[in-house]
Amino acid sequence: GYDRIYPKATPTKVVIVTSDGRSLSEERDTAEGDPSRPFAIEHLGAKFRKLSAGFVSPGYANDIVNEISEGLPSARSYEQLLSRFDWLDA
């Protein structure tokens with residue numbers, strides 16, 4: 001089981017059963033985005049843009065991604081960054 005490889009790896013398994021009964025699955029020892037397999041900034045930016053749609057305007061989402069890709073050293077920096085942006089009413 002997964003217990004024998006944790007915490008060296010953080011295994012993940014996804015199983016999808018389709019409406020016609022087919023089963024599709026994928027298993028990995030360590031999921032992408034795990035600290036040992038971090039997302040590339042381009043992938044992380046695309047994910048942020050998708051998840052923030054409807055909450056943050058596309059222009060501000062790009063600004064946030066650009067600022068973060070340059071690196072922010074502390075939680076205070078994130079707070080200051082986010083306080084500068086206009087949030088959309090959701």
Side-chain angles (χ1 to χ4, degrees):
Y2 291 143
D3 291 344
R4 71 181 189 287
I5 61 174
Y6 181 81
K8 292 180 182 177
T10 50
T12 186
K13 182 177 183 178
V14 174
V15 178
I16 298 172
V17 179
T18 65
S19 60
D20 64 3
R22 290 180 298 136
S23 180
L24 309 166
S25 67
E26 185 169 341
E27 188 170 359
R28 295 184 181 184
D29 287 341
T30 301
E32 191 174 4
D34 186 83
S36 67
R37 289 184 61 203
F39 289 124
I41 190 62
E42 296 81 16
H43 185 176
L44 190 59
K47 185 172 184 173
F48 176 76
R49 286 180 190 94
K50 182 177 180 179
L51 295 174
S52 66
F55 298 99
V56 179
S57 70
Y60 289 131
N62 285 333
D63 290 345
I64 291 169
V65 170
N66 290 337
E67 291 263 352
I68 291 172
S69 69
E70 295 173 9
L72 295 171
S74 68
R76 166 92 43 215
S77 296
Y78 286 105
E79 180 182 1
Q80 290 170 350
L81 169 67
L82 296 177
S83 71
R84 295 194 322 247
F85 295 101
D86 292 329
W87 299 91
L88 299 176
D89 291 328

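Starting from 1, each residue takes its place in the sequence as its number.
- Remark: Arg49 pairs with Ala61, Asn62, Val65 by the side-chain contact (heavy atoms from CB on, under 4.5 Å) rule, at least two apart or across chains.
- When the salt bridge (Lys or Arg N to Asp or Glu O under 4.0 Å) test is applied to Glu26, the partners found at least two apart in sequence or on another chain are Arg28.
- Ser69 pairs by the side-chain contact (heavy atoms from CB on, under 4.5 Å) definition with Ile41, not counting sequence neighbours.
- Both Phe55 and Ile64 belong to a common hydrophobic cluster when Ile, Leu, Val, Met, Phe, Trp and Tyr are linked at side-chain heavy-atom distances under 4.5 angstrom.
- Taking Thr18 as the reference, Asp20, Arg22, Leu24 meet the side-chain contact (heavy atoms from CB on, under 4.5 Å) condition, with sequence neighbours excluded.
- Here ring pair (Phe, Tyr, Trp, His ring centres under 6.0 Å) pairs that include residues 20-45, with residues two or more places apart or in two chains, are Phe39-His43.
- Contact between Tyr60 and Val56 at its shortest, heavy atoms only, is CB-CG1, 3.6 Å.
- Residues satisfying the side-chain contact (heavy atoms from CB on, under 4.5 Å) criterion with Pro11, sequence neighbours excluded, are Tyr2, Ile5.
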